[in-house]
Amino acid sequence: QVQLVESGGGLVQAGGSLRLSCAASGSISSINAMGWYRQAPGKQRELVAAIPSGGSTNYADSVKGRFTISRDNAKNTVYLQMNSLKPEDTAVYYCHAKAVIGIVQSGYWGQGTQVTVSS
């Protein structure tokens with residue numbers, strides 16, 4: 001199994017910054033894509049940013065230029081630096097990883113971390 005543990009959420013004023021971290025652990029052979037999703041009350045979960053094991057990153061239009069995703073492969077950790085936060089960024093943020101155990105790739109979710117941006 002794979003466990004994803006997120007940290008770094010909290011309450012911040014509009015215009016502020018937060019940095020989310022997500023560390024993967026378990027019997028991992030390799031991790032392919034990692035990403036961050038978010039879900040606001042009454043809305044569907046949406047992709048915020050994704051980063052493959054190699055290649056270019058991908059961002060939702062609403063966060064381009066404000067958020068930056070990065071990863072440390074040696075630590076099996078993905079980060080989301082969030083700048084110029086807006087009240088509409090308020091949501092539970094979930095880490096996702098496509099990890100390989102043996103020869104089988106599966107998707108895994110973290111437990112979520114709350115981000116609240118006050119106006």
*Given side chain to side chain contact (heavy atoms under 4.5 Å, CB included), test Val78 with Cys95 step by step and report yes or no.*
CA-CA 8 Å; Val78 64; Cys95 174; 3.8 Å; yes
Looking only at non-hydrogen atoms, find the nearest pair between [X] and [Y] and report the distance.
X     : Y     : result
Tyr79 : Ser21 : CD2-OG, 3.3 Å
Asn76 : Met34 : O-CE, 4.1 Å
Tyr93 : Glu6  : O-OE2, 3.8 Å
Ile28 : Ala99 : CG2-CB, 4.5 Å
Ala49 : Leu80 : CB-CD1, 4.2 Å
Ala60 : Leu47 : CB-O, 3.4 Å

_Pair Trp36 + Phe67: ring centers closer than 6.0 Å_ =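 Between Phe67 and Trp36, which both carry aromatic rings, the centre distance is not below 6.0 Å.
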Is there a side-chain contact between [X] and [Y], using heavy atoms and a 4.5 Å cut-off?
X     : Y     : value
Ser17 : Val12 : no
Leu18 : Leu85 : yes
Val48 : Met82 : no
Arg71 : Ser53 : yes

*Check the pair Tyr37, Gln44 against side chain to side chain contact (heavy atoms under 4.5 Å, CB included), reporting the backbone distance first and the verdict last.*
CA-CA 10 Å; Tyr37 290 72; Gln44 290 188 330; over 6 Å; no
Between [atom1] of [X] and [atom2] of [Y], what distance do you get to the nearest 0.5 Å?
X      : Y      : atom1 : atom2 : result
Ser25  : Leu4   : OG    : CG    : 7.5 Å
Ser119 : Gln13  : OG    : CD    : 9.5 Å
Ser30  : Gln105 : OG    : CD    : 7.5 Å
Ser84  : Arg66  : OG    : CZ    : 7.0 Å
Arg19  : Thr68  : CZ    : OG1   : 10.5 Å

[X] side chain to [Y] backbone, donor-acceptor under 3.5 Å:
X     : Y      : answer
Ser29 : Gly102 : yes
Thr90 : Val117 : yes
Arg38 : Val92  : no

*asked:* If hydrophobic clusters are built by linking Ile, Leu, Val, Met, Phe, Trp and Tyr wherever their side-chain heavy atoms come under 4.5 Å apart, do Leu20 and Tyr108 end up in the same one?
replied: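 As far as the 4.5 Å side-chain criterion goes, Tyr108 and Leu20 are connected within one cluster.
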_Between Val2 and Tyr94, is there shared hydrophobic-cluster membership here, with clusters defined by ILVMFWY side-chain heavy atoms closer than 4.5 Å?_
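Unlinked, Val2 and Tyr94 end up in two clusters.
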_Short N-O contact, Lys64 and Asp61, less than 4.0 angstrom_ =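 Answer for the salt bridge query: yes.
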